[in-house]
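So you know, we letter chains A, B, ... as the sequences are listed, proteins then strands, and number each from 1.
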Number of protein chains: 2
Amino acid sequence: MKSQEICPRFEAAISLLGQRWTGLIIHQLMDEPKRFGQLTEEIGISGRLLSERLKNLEGDGLVERTVHPETPVRIEYSLTEKGASLQPVMKEIERWSQNWIESAETAESTP
Amino acid sequence: MKSQEICPRFEAAISLLGQRWTGLIIHQLMDEPKRFGQLTEEIGISGRLLSERLKNLEGDGLVERTVHPETPVRIEYSLTEKGASLQPVMKEIERWSQNWIESAETAESTP
DNA sequence: TATAATCAGTTACAAATAGTAAGTAGATGG
DNA sequence: CCATCTACTTACTATTTGTAACTGATTATA
């Protein structure tokens with residue numbers, strides 16, 4: 001009668017991806033490095049949260065921050081190997097969403 | 001200079017999976033139907049939130065609720081076809097976590 | 001020399017969501 | 001009548017998110 005335990009690695013992965021914005025940030029960095037302002041615009045996240053998430057992702061070794069000392073300063077965020085290796089996960093989510101999410105489900109404001 | 005827009009279907013999928021507990025609940029229902037109490041124990045989620053999440057997942061058509069009028073009543077939650085079709089996503093997350101999450105990262109309380 | 005603009009954040013505070021613990025309802029069993 | 005079981009609710013607190021204004025370094029414009 002023992003309860004089926006969840007693999008701690010899987011749990012750790014889910015607690016990464018199961019946090020708001022994190023999946024989208026990784027997805028947007030999948031193809032090319034991006035800048036802070038670019039990410040806020042594309043994702044629609046506030047600076048406060050993007051900053052927080054990027055710090056966490058850096059801490060987890062998924063994202064790398066590169067400073068280009070031009071004028072004005074240009075800072076690029078890119079995926080590390082660990083981050084890039086999430087591509088198959090992203091691709092499967094994409095595939096699933098194409099097959100199972102209806103366009104109606106994506107609508108939000110039609111007053 | 002147009003900003004790369006995110007596919008609304010993908011966004012919808014991420015907003016499902018990118019919510020706390022949702023991924024774990026789906027994962028735990030992948031192999032077999034489960035009861036409310038079983039899920040709370042296995043996942044470590046409170047009754048309040050499990051109840052809320054299950055309702056949302058039912059509303060999204062991912063989970064089905066079946067009442068067995070025995071005594072005491074037995075209620076089982078199972079994945080619909082839509083929910084079950086997330087298996088490849090779950091498998092990829094599992095694979096990634098096996099390759100990239102270190103056992104140290106899963107530790108939490110070592111005072 | 002002011003004034004404004006750009007980028008990458010930070011800060012302060014209100015609103016929404018999550019967590020905790022106790023309570024409810026319906027059906028038995030003693 | 002009281003206790004037990006399962007599947008939830010409710011009331012309340014704590015944490016997380018969202019919003020909007022602000023900082024600081026550097027340079028362009030009036």
Tell me the interatomic distance from B/L49, atom CG, to C/dT20, atom C1', rounded to whole angstroms.
10 Å

When rounded to the nearest 0.5 angstrom, what distance separates CG in A/L57 from CG in A/L29?
8.5 Å

Whole angstroms only, please: what is the CD1-C1' distance between B/I75 and C/dG26?
11 Å

Expressed as a whole number of angstroms, how long is the span from B/H68:NE2 to C/dA27:P?
18 Å

Using 0.5 Å steps for rounding, measure from the CD atom of A/E94 to the CD atom of A/Q87.
8.5 Å

For the OG1 atom of A/T40 and the CZ atom of A/F36, what is their distance to the nearest 0.5 Å?
6.5 Å

Could you check whether B/G37 gets within reach of a base, just the sugar-phosphate, or nothing at all, counting any heavy atom under 4.0 Å?
sugar-phosphate

Checking B/K82 side chain against B/D60 main chain: does a donor-acceptor pair fall under 3.5 Å?
yes

Counting heavy atoms from C-beta on, name the nucleotide in C/dG9, D/dC8, D/dT17 closest to the side chain of B/R65.
D/dC8

Assign each of A/P72 and A/S51 the nucleotide of DNA chain C bearing its closest heavy atom; nearer the 5' end lies the nucleotide of A/P72

Has the side chain of A/K55 got a donor or acceptor atom that lies under 3.5 Å from a matching backbone atom of A/L50?
no

Reading DNA chain D from 5' onward, which residue's closest nucleotide shows up sooner: A/G47 or A/E70?
A/G47

Nearest whole angstrom, please: distance from the P of D/dT19 to the CG of A/L50.
14 Å

Spacing between A/N56 atom CG and C/dG9 atom P, to the nearest angstrom
14 Å

side-chain N/O A/K34 vs C/dA8 OP1/OP2, d < 4.0 Å
no

Whole-Å gap separating C1' (C/dA18) and CD (A/Q19)
13 Å

Among C/dG19, C/dA8, D/dA7, find the nucleotide with the atom closest to the side chain of B/F36.
D/dA7

Less than 4.0 angstrom between a side-chain N/O of A/R74 and OP1 or OP2 of C/dC7, yes or no?
no

Could you work out which one of C/dC7, D/dT19, D/dA7 sits closest to the side chain of A/S46?
D/dT19

For A/I43 and D/dG18, give me the distance from atom CD1 to atom C1', rounded to whole Å.
15 Å

If you look at every strand shown and take non-hydrogen atoms under 4.0 Å, does B/R48 touch a base, only sugar-phosphate, or nothing?
base

Find the distance A/E76:CD to C/dC7:P and express it as a whole number of Å.
14 Å

With a 4.0 Å limit, can you tell me whether B/R20 has a side-chain N or O closer than that to the phosphate oxygens OP1/OP2 of D/dT16?
no

So does B/W21 get a side-chain nitrogen or oxygen closer than 4.0 Å to the phosphate oxygens (OP1/OP2) of C/dG19?
yes

I want to check one thing: is the phosphate of D/dT6, taken as OP1 and OP2, less than 4.0 Å away from some side-chain N or O of B/Y77?
no

